[in-house]
Amino acid sequence: MDEIKDEEKEPKMAQEPVGEKSGEDASVDVEDEKKSSTLDLLRKSVSEEDNAPAASLTLKTILGGDILYAEILRNQLWTIVLVVLFAVVYVAFRYQCQQDMIAIDKMETVLKDAKYKALSSSSKLTERCRESHVLEILKNNKDSLLKASDQPPYIINVPEE
């Protein structure tokens with residue numbers, strides 16, 4: 001800061017006309033000196049630590065890895081690593097979730113098929129166990145000695161002792 005203040009004082013001293021020049025020429029020279037001194041001040045105030053302009057960023061520097069030496073990337077390295085890690089975890093969890101959803105859909109389909117088979121088997125068993133169907137099978141198979149009873153069932157009472 002002190003350098004800039006000292007340099008600002010110098011152009012003020014240079015405003016005085018020098019030597020044989022006329023008033024108009026002297027004022028033009030003073031304005032030129034002001035412009036040049038302001039440009040010098042701006043050049044000095046810009047630090048040399050600034051990155052190179054974007055025009056020097058070429059495909060060769062990117063592919064060659066020179067961009068990894070940039071100050072911004074070096075300062076933000078852990079942030080970049082963290083973002084990449086989160087992205088990998090997000091993609092992995094999403095992939096795993098999709099695989100689980102596919103497996104659940106397959107299991108639901110298998111469960112539905114098993115329920116339908118169980119219902120079909122139950123209805124076939126119920127149909128085959130009916131008394132009318134059993135009697136019909138017995139009539140068709142004449143080798144059986146079993147016959148349907150013509151008398152109603154008797155209730156037998158057993159006295160308690």
Side-chain angles (χ1 to χ4, degrees), residues 1-9 11 31-32 34-161:
M1 277 312 259
D2 293 332
E3 295 173 0
I4 294 173
K5 288 180 182 177
D6 292 339
E7 290 173 6
E8 287 177 355
K9 292 177 184 176
E31 289 177 15
D32 288 341
K34 282 184 181 179
K35 289 180 183 176
S36 65
S37 67
T38 15
L39 287 174
D40 290 339
L41 288 174
L42 284 174
R43 285 185 186 129
K44 288 180 182 179
S45 68
V46 174
S47 67
E48 295 177 9
E49 297 174 3
D50 286 344
N51 294 331
S56 68
L57 187 67
T58 62
L59 184 63
K60 183 179 179 183
T61 60
I62 293 172
L63 293 178
D66 295 339
I67 194 169
L68 296 176
Y69 290 111
E71 183 80 21
I72 296 171
L73 289 178
R74 279 187 276 147
N75 290 340
Q76 302 298 326
L77 180 66
W78 292 112
T79 307
I80 293 169
V81 169
L82 187 65
V83 167
V84 168
L85 179 69
F86 283 156
V88 168
V89 168
Y90 175 76
V91 168
F93 280 146
R94 183 170 178 163
Y95 177 76
Q96 185 62 41
C97 182
Q98 285 178 342
Q99 294 301 318
D100 291 344
M101 289 175 64
I102 289 171
I104 288 170
D105 287 341
K106 285 181 182 178
M107 288 181 199
E108 284 178 349
T109 305
V110 169
L111 178 64
K112 195 181 293 184
D113 289 342
K115 283 183 178 180
Y116 288 144
K117 285 181 183 177
L119 184 62
S120 173
S121 299
S122 175
S123 67
K124 284 180 184 177
L125 181 62
T126 304
E127 181 184 339
R128 289 182 181 169
C129 289
R130 285 190 181 147
E131 184 180 352
S132 60
H133 187 68
V134 170
L135 290 175
E136 198 175 300
I137 290 175
L138 288 175
K139 284 181 187 176
N140 290 340
N141 296 336
K142 297 193 181 200
D143 59 345
S144 176
L145 299 174
L146 295 175
K147 294 183 182 178
S149 172
D150 294 336
Q151 299 175 358
Y154 293 107
I155 298 177
I156 302 174
N157 291 327
V158 179
E160 292 184 25
E161 294 183 41

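Everything quoted here is computed from the prediction, not taken from an experiment.
- Atoms CD1 and NE2, from Ile137 and His133 in turn, are 3.5 Å apart once rounded to the nearest 0.5 Å.
- Residues meeting the side-chain contact (heavy atoms from CB on, under 4.5 Å) test with Gln99, sequence neighbours left out: Tyr95.
- The side-chain contact (heavy atoms from CB on, under 4.5 Å) check on Leu82 picks up Phe86, with sequence neighbours excluded.
- Residues in residues 78-93 take part in these side-chain hydrogen bond (donor to acceptor under 3.5 Å, both in side chains) pairs, two or more places apart or across chains: Gln76-Thr79.
- Taking CD1 of Ile80 as the reference point, atom CG of Asn75 lies at 10.0 Å (rounded to 0.5 Å).
- With values rounded to the nearest 0.5 angstrom, Thr58 atom OG1 is found 8.5 Å from Leu63 atom CG.
- Looking at heavy atoms from C-beta onward, Ile102 lies in side-chain contact with Lys106 at the 4.5 angstrom threshold.
- Counting only residues at least two apart or on different chains, the salt bridge (Lys or Arg N to Asp or Glu O under 4.0 Å) pairs with a member in residues 72-93 are Glu71-Arg74.
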Pair up each side-chain donor or acceptor in residues 113-130 with any protein partner under 3.5 Å, not counting sequence neighbours, and list the distances.
{"from": "Ser121", "atom 1": "OG", "to": "Lys117", "atom 2": "O", "distance (Å)": "3.0"}
{"from": "Ser123", "atom 1": "OG", "to": "Leu119", "atom 2": "O", "distance (Å)": "3.4"}
{"from": "Ser123", "atom 1": "OG", "to": "Ser120", "atom 2": "O", "distance (Å)": "2.8"}
{"from": "Thr126", "atom 1": "OG1", "to": "Ser122", "atom 2": "O", "distance (Å)": "2.8"}

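- Evaluation of the side-chain hydrogen bond (donor to acceptor under 3.5 Å, both in side chains) rule for Gln96 yields Asp100 as partners, not counting sequence neighbours.
- Checked against side-chain contact (heavy atoms from CB on, under 4.5 Å), Asn140 has the following partners two or more places apart in sequence or in another chain: Glu136.
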